[in-house]
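For the numbers below, each heavy atom of this structure counts, side chains included, while hydrogens, waters and symmetry mates do not.
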Amino acid sequence: MSARDKILEKVRSHKPTDPAPLPEVDFEPMSFDDLSKQLGTVIEAVGGELVVLKDREEAASKIRELYPEAKKIVCNVPGVDISEDDGCNVANPQELALVELAVVQGEFAVAENGAVWVKNPDNRHRALYFLAENIVLVVDK
């Protein structure tokens, strides 16, 4: 008998016959009257700003207004025409440390804690999210 089989046999022989009952769960889910307001409050608490816009075309002009000095801009959000560079053309991800502004697509945001799910399979370097000097997350409402 192999060492693996001996270990598995010992585990099986000490398995409880009657499983323990599951604990009672007294859980009240969180809810917010205004999700955008709650999300904005949390984002502001960590130094960010929530800006609600009509569409992505408006997003490009608002981003230029908020970051007028940014020259090296990377954008991988369809419909936000602020840069032709999507950040995928660099061979070495360390070059992304020169990015002054990254405009990134977020899948969804969590009002409770301000988290934004970022999943862009076309992005070659996830380092973009961490090395850029500033980051704008675009999430559809």
So, using side-chain hydrogen bond (donor to acceptor under 3.5 Å, both in side chains) as the criterion, who are the partners of [X] when residues are at least two apart?
X: Arg56; answer: Gln105, Asp140
X: Lys37; answer: none
X: Glu65; answer: Lys62

NE2 (His125) and CG (Asn92) are apart, to the nearest 0.5 Å, by 7.5 Å
Rounded distance [0.5 Å steps], CE in Met30 versus CD in Gln38: 7.0 Å
Could you work out the complete set of other residues in the hydrophobic cluster of [X], with links drawn between I, L, V, M, F, W and Y side chains under 4.5 Å apart?
X: Phe108; result: Val110, Trp117
X: Val25; result: Phe27
X: Ile43; result: Leu39, Leu50, Val52
X: Leu53; result: Val51, Ile63, Leu66, Tyr67, Ile73, Val77, Val80, Ile82, Leu101, Val103, Val136, Val138

Give me each pair satisfying salt bridge (Lys or Arg N to Asp or Glu O under 4.0 Å) with a member in [range], each pair once, sequence neighbours excluded.
range: residues 23-35; value: none
range: residues 88-110; value: none
range: residues 72-81; value: Lys72-Asp85

Within a radius of less than 6.0 Å around CZ of Arg64, do more than 12 heavy atoms belonging to other residues, nucleotides or ligands occur? yes
Between Arg124 and Val90 (side chain of the first, backbone of the second, donor and acceptor by atom type, cut-off under 3.5 Å), is there such a pair? yes
Which heavy atom of Leu128 sits nearest to which heavy atom of Ala102, and what is that distance? CD1-CB, 3.8 Å
Are Ile135 and Phe130 linked, directly or through other ILVMFWY residues, by side chains that come within less than 4.5 angstrom of each other? yes
Without placing hydrogens or testing angles, list every side-chain donor-acceptor pair under 3.5 Å for residues 2-10, not counting sequence neighbours.
| from | atom 1 | to | atom 2 | distance (Å) |
| --- | --- | --- | --- | --- |
| Ser2 | OG | Asp5 | N | 3.1 |
| Ser2 | OG | Asp5 | OD2 | 3.1 |

